[in-house]
Every structure is written in structure tokens, then in C-alpha cells.
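Take a look at the structure set out below.
Owing to the predicted nature of the structure, the values given are computational and were not obtained by experimental measurement. Below, chains carry the letters A, B, ... as their sequence lines are ordered, and counting in each starts from 1.
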Amino acid sequence: MKRTEIATLLQNKPVGEKVTVKGWVRAFRSNRFIALNDGTGFNNVQCVVDFEKTPEEVIKQIGFHACVAVTGEVVESQGAGQDIEILADTVEILGGTDLEKYPLQPKKMSHEFLREKAHFRMRTQTFSSVFRIRHAVAFAVNKYFNDRGFYYMHTPIITGSDAEGAGEMFRVTTLNDAKPPLTEDGKVDYKQDFFGKPTNMTVSGQLQAEIGAMALGKVYTFGPTFRAENSNTSRHLAEFWMIEPEIAFGDINDDMDLAEDFIKYLISYVLENYPDDLQFLEERITKLERNLPTADRRPMPLTETLRFVVDNDFERITYTEAVRHIQNSKPYKKGKFEFPVEWGTDLAAEHERYLVEKKFKKPVIVVDYPKDIKAFYMRMNDDGKTVAAMDVLFPGIGEVIGGSQREERLDMLKKRMAEMDVPEHELDWYLDLRRFGGCPHAGFGLGFERIVQFITGMSNIRDVIPFPRTPGNAEF
RNA sequence: GCUUCUUUAGCUCAGUUGGUUAGAGCGGCGGACUGUUAAUCCGUAGGUCCUUGGUUCGAGCCCAAGAAGAAGCGCCA
């Protein structure tokens, strides 16, 4: 008999029909009620087992997370928790399980424990919801850009460019690591390496995306990104996914408009299409926070936070205004900040948190940063002191987006590269984009896992990617 | 990389001033149960107290080093 997906069944409620469902047992109560989930949606279907029709050997194997097929008639449920249920004629064990050895249990398990069992954690309610939403956000990214005439551009994962300046890189090599070939002066001879020169994993597709924007107008990248930083935080991964739109003929204001509209779209898409998963995640957090002092709880429940972000304009301030706000703040005057704030220094996490969580209580876009704390390719403003760079700051997770208008003036770009010791010969192709038919353009990078983290309310970024890579950890 | 905290049963944790045989809840296993919703009830097994070294008559507890994990910071998305 053809399998019916549980999400479809729960939606259509075909009472009186005979169906077959297949999935994993979430609970087996009273030797009678199977809560079955096949991943097609948040909700389980209840299957009622008739012990007189079902061999005892089969009933014994209906255990937690066993995989079963149930065939029977769909009826209106006598119980209170669900509209319909399946009266099982037959139960077939597709994949039994040994509960004495299976590490997962039908109870609360810590995220740290489940991270070690990443091959099973998607079977839990929390992680199945998280990963359905992760998919939804990825889909919404592509839909948003496609609907607006952007082209999806695949930028290289292995890069020969060493000058992107976005962070420490992972080396890619096929040389014998114990005995690499050496040059006459005793250094590793990368001419003999696979690509004939040193290569690394990409830290950003931006520079290549600019190539696309200078031909296709509006492009975006969405791919894996690698940073070999020794970052041990709940917001950093060594391997993560980044989205980088790049728009020709756009300035920094167009860039900020795009960033705000884009983030709001992603959140709206999940709110509209995955309410059950969101509600479960919200209840999970609310229960968890009951034991915390009020000050440590979220100011609003999860879905309310998401609606608030969608319904309100982000606050837009310049870096110079941000510094002034911080210097006029109570915590600053009381000496509560650990790091100094004066014009020219980078904002520390504590300062950003003050702006987002205390001062404005909503997402904040900070624009026009001092040139000395930003990258070489960002466009010099007329004041000669700041560049057209912007960061989008979110509560809890900090920087979600970093972007800028790019320096399109060849002489200015060369001057900035010289000032910041970026070798011109490595980026000659990048300079060519200014030499031949260049134009004003802008773009940004959005950390995919960070926005998934925000939408799901998960506190650690390692719990929103199936197989997290962090310093010292590359399991699975 | 820095600071702080944690590590005791399969999981989540308690463990008094250093003192005899290390506990609980949940889970597992055995049994009961034809309307359950984290089902419930009865019974039962289960321990390298992270590792190594030290102090002590005696260490889960004190000291040192190491390992693993977490939170915060820095770097950033």
C-alpha cells in the first residue's frame, strides 16, 4: 500500500480511508498508543494498536525511535490531544532498536550531550524543528533573491587569493606533510603543489561576487565559508554558511535597505510557514527560563520577538553617534564598561549590546566607521576619515551582517591598499574591475547560522548546523 | 588565545567537617494495564566518582598537573 506522509494526512483528515504511514516512534503509551513522526512536519500521528490483532513479538519491538509502518483506518480520535488517529490493522517493524544501547531517551537531554550524538539528534523534537527551520530560511534566501532578479553565483571554495583579509585561512594542499618538496633556500616549494601555488579555503566570496555584479548587475552567493580562527564562543563556527549579495549601481543606503528588507523577509517566511515548530521552540525556551531570574530571561517570547523585528524599522545611526550614545550612557558614566570608548576604537560587544538591548531595544544598523578599523575595499567617505561600512546588530547574537559600499575609484582603492599593506599584484583582477567599466556598487555578508540562531532562539550556534566544526572538533 | 565554571549510574543531578556498604529522579530491564498525551503502578539491575601524581591512618571531598565540556571576552558572520 502506498505510503501517506503524516503532514498530508493530518491536513486532509481522510476519515474512513485506509492508509499506511511510516515513521519513527516518538512514544508508545499504554501498550496501545504510538506517537509516530516521519519528519514531514512537527505533529505526530497517533496510531492505536489492537493487541489482539498484533503479535506480542511486534508489540515488544515498538520502542522509542524504532522505525515502523502502520496500516489502518483513519478515524476521529476519542482522545483529547488530536483530531484523528489511525486504528492499526497491521504494524510492521522496519527498523528495530536496542533500547539498552540506544543513547537517546524519551526525556530532556542536554544540547551538549546531543551534540555528541549528532547522528541521532535530528530525531528529537527540538532539533527536527530547528533543522526544518534551517531549511526554510535557506529556501527563503533563494526565493527572496530570485523574486527580485538576483542571480545565484557560485564562488570558489578553494581560493588562490591570500588577500581577502577576512580572517585566518585553512591551507589546502596535496603535498606530503611529513616530507614536502623544498626550494633551494629550504622553504616549502608550492610550485610542486596541486595548483602550483599555495591555496586556501575561502573566507568570503565577496571579491568574486563583485565580478558577477559588474556583469549581471545583482548577484548573491550562498555557500560554505571557512575561518581558521581559534574562536570559542556560542556565535562562531570554523565552517559556516554565508550569504553575500552584491549590487551594481547601489550605494550604502541601498545596501542598508536591502539588508533590512532581506532579514525581515526571512523571518516573515518562517513565521508564516512554520508556526508549529516556532511555537514548540518558544515553549521550550519559556519552560527553560522559568528557573532563571527575570533579568536573565528574554524580554519577549520568541515569536513576539520575531514579529517585533518584522514590524519595526531598524534603528540607523552613524558610528560617531553610536560613540556619543555610549559616552552619554549610565553604564559608561558609572564605569561599568570594561573597554574604553572613544572615536576611532572599535565597538566592543558590551557597547553593541548596550545600543541594541538597552538604548534602542531593537536591531541597530551602525554606519560610517573610521577607516582604520575596516577593510581596504570599503568606500572612503568625503570626510576622509570614515568609510561607507555598515554592521547590522541583533539582540543576543550581535553582528548578523557586515557590509559596505565598495571603493570603485581606482586611485583611491590603490591608495588604501598601499596604506593597509595589501599587495596589488595579487588582486590585479580586482583592480581591473575599476579600470574597465566599473561603477558604484555595494554588498554585505550575512551569517546564515546566526540568523537561524536568532529565529529558532537556540543559544549556541553549534545547535543550528547539523555537524558543527569548531576548534578541536570535526566529528561526523 | 585569555578569564571563570563544570566533570559522580545510560541521562539530569545531590553528596554534610576528609570517616564504615556513594544516593535520587528519569531512562533500561521484568511484570500489571483496552483511551494514553512526558501515561501510570509494582519490582529490579546498573558506578574506573574524568586521568595521573601527591597530602593523610583514611580522599568523591584537600593540593598539583593534564584532559574534556560550557559561559563570557577577543577575532568576526
- Message: For a quick test of reading the model: is some side-chain N or O of Arg26(A) closer than 4.0 Å to OP1 or OP2 of A38(B)?
- Response: no

- Task: Please confirm whether any donor atom in the side chain of Arg32(A) sits under 3.5 Å from an acceptor in the base of U34(B), or the reverse.
- Result: yes

- Item | Pairwise C1' distance for C2(B) and A59(B), with rounding to whole Å | 32 Å

- Hey, which of these two, Ile461(A) or Arg235(A), hits RNA chain B nearer its 5' end, going by closest nucleotide? Arg235(A)

- Query: Does Arg462(A) have a side-chain nitrogen or oxygen under 4.0 Å from the phosphate oxygens OP1 or OP2 of A70(B)?
  - Reply: yes

- When all nucleic acid strands are considered with a 4.0 Å heavy-atom cut-off, which category describes Leu237(A): base, sugar-phosphate, or nothing? base

- Quick one: do Asp257(A) and Arg316(A) make a salt bridge, cutoff under 4.0 Å? yes

- Spacing of Phe33(A) atom CZ relative to G35(B) atom P, expressed in whole Å: 7 Å

- Arg29(A) side-chain N/O to U36(B) phosphate OP1/OP2 under 4.0 Å: no

- Message: Taking the minimum atom-to-atom distance to the side chain of Gln78(A), which one of A77(B), C75(B), G35(B) wins?
- Response: G35(B)

- Task: Measure centre to centre between the rings of His351(A) and Phe337(A), then say whether the value is under 6.0 Å.
- Result: yes

- Message: Could you tell me how far U44(B) sits from C5(B) if I compare only their P atoms? Round to whole Å.
- Response: 42 Å

- Query: Of the candidate nucleotides U34(B), C33(B), C76(B), which contains the atom at the shortest distance from the side chain of Glu52(A)?
  - Reply: U34(B)

- Side-chain atoms of Thr233(A) come closest, of G74(B), G72(B), A77(B), to G74(B)

- Among Thr40(A), Asp277(A), Asp276(A), whose side chain to side chain donor-acceptor pair (under 3.5 Å) with Arg132(A) holds? Asp277(A)

- Please tell me which of the listed nucleotides, G31(B), A39(B), U12(B), lies nearest to the side chain of Lys60(A)? G31(B)

- Where the side chain of Lys218(A) meets the backbone of Arg148(A), is there a donor-acceptor pair that is under 3.5 Å apart? yes

- Message: For A77(B), is there a stacking contact with Phe240(A), counting only centres under 5.5 Å and planes under 30°?
- Response: yes

- Message: Quick check on C73(B): is either OP1 or OP2 less than 4.0 Å from any side-chain nitrogen or oxygen of Arg353(A)?
- Response: yes

- Nucleotide A70(B), atom C1' - distance to CZ of Phe113(A) in whole Å: 16 Å

- Item | Integer angstrom distance from the C1' of G23(B) to that of U34(B) | 38 Å

- Report which part of the nucleic acid Ala348(A) touches: base, sugar-phosphate, or nothing (heavy-atom distance under 4.0 Å, all strands). sugar-phosphate

- When the distance from CD of Gln453(A) to P of A77(B) is rounded to whole Å, what number comes out? 15 Å

- Item | Interatomic distance where NZ belongs to Lys108(A) and C1' belongs to A38(B) [whole Å] | 8 Å

- CD1 of Ile59(A) versus P of A32(B): gap in Å, rounded? 12 Å

- Against the side chain of Arg450(A), the closest entry in C11(B), C76(B), U34(B) is C76(B)

- Ignoring backbone atoms, establish whether Ser110(A) has a side-chain N or O less than 4.0 Å from OP1 or OP2 of U12(B). yes

- Trp241(A) or Ser459(A): which one's nearest nucleotide on RNA chain B is closer to the 5' end? Ser459(A)

- Closest of G28(B), A77(B), G35(B) to the Gln82(A) side chain is G35(B)

- Query: Hey, is Arg121(A) close enough to Asp463(A) for a salt bridge, meaning N to O under 4.0 Å?
  - Reply: yes

- Please state the P separation for the pair U4(B) and C63(B) - nearest whole angstrom. 15 Å

- Message: Suppose we call a contact any N or O donor and acceptor under 3.5 Å apart; does that hold for the side chain of Glu85(A) and the base of G35(B)?
- Response: yes

- Pair of N/O donor and acceptor under 3.5 Å linking U12(B) base with Gln105(A) side chain: no

- Have a look at Gln46(A) and say if it touches a base, only the backbone sugar-phosphate, or nothing, with a 4.0 Å heavy-atom cut-off. base

- side-chain N/O Asn232(A) vs G74(B) OP1/OP2, d < 4.0 Å: no

- Message: Measuring centre to centre across the rings, with the benzene-like ring taken for any Trp, is Tyr152(A) within less than 6.0 Å of Phe145(A)?
- Response: no

- Message: Can you check the distance between G74(B) and U56(B), where both ends of the measurement are the C1' atom (answer in whole Å)?
- Response: 44 Å

- Message: Taking the P atom in each of U16(B) and U52(B), what is the distance between them to the nearest angstrom?
- Response: 23 Å

- Item | Centroid-centroid under 6.0 Å between Phe360(A) and His325(A) rings | yes

- Does the gap between the ring centers of Tyr319(A) and Trp343(A) come in under 6.0 Å? yes

- Message: For the C1' atoms, the ones on G27(B) and on U40(B), what distance do you get once it is rounded to whole angstrom?
- Response: 16 Å

- Message: What I want to check is whether the side chains of Asp89(A) and Thr71(A) have a donor and an acceptor closer together than 3.5 Å.
- Response: no

- Note on the structure: Of the listed A39(B), G28(B), C75(B), the closest approach to the Ser231(A) side chain comes from C75(B)

- Message: Let me check I have this right: for RNA chain B, each base becomes ., (, ), [, ] or |, based on Watson-Crick or G-U pairs with both distances under 3.5 Å. What is the full string?
- Response: (((((((..((((.....[...)))).(((((.......))))).....(((((..]....))))))))))))....

- Message: Between C1' on G1(B) and CD on Glu168(A), what's the gap in Å once rounded to a whole number?
- Response: 12 Å

- May I ask you to verify if any side-chain N or O of Ser234(A) is less than 4.0 angstrom from the OP1 or OP2 atom of A70(B)? no

- Query: So what does Phe51(A) touch, heavy atoms closer than 4.0 Å: a base, only the sugar-phosphate, or nothing?
  - Reply: base

- Message: Less than 6.0 angstrom separating the ring centers of Phe448(A) and Phe240(A), yes or no?
- Response: no

- Query: Is Gly445(A) touching bases, backbone alone, or none of the nucleic acid, heavy atoms closer than 4.0 Å?
  - Reply: sugar-phosphate

- Query: Glu239(A) has an atom CD; how far is it from atom C1' of C76(B), in whole Å?
  - Reply: 17 Å

- Query: Side chains of Gln206(A) and Tyr377(A): donor-acceptor distance under 3.5 Å anywhere?
  - Reply: yes

- Query: Whole-Å distance between G74(B) C1' and His351(A) NE2?
  - Reply: 13 Å

- Which listed nucleotide (C29(B), C11(B), G35(B)) is nearest to the side chain of Met109(A)? C11(B)

- Determine the interatomic distance between C1' on C33(B) and the same-named atom on C42(B); round to the nearest Å. 12 Å

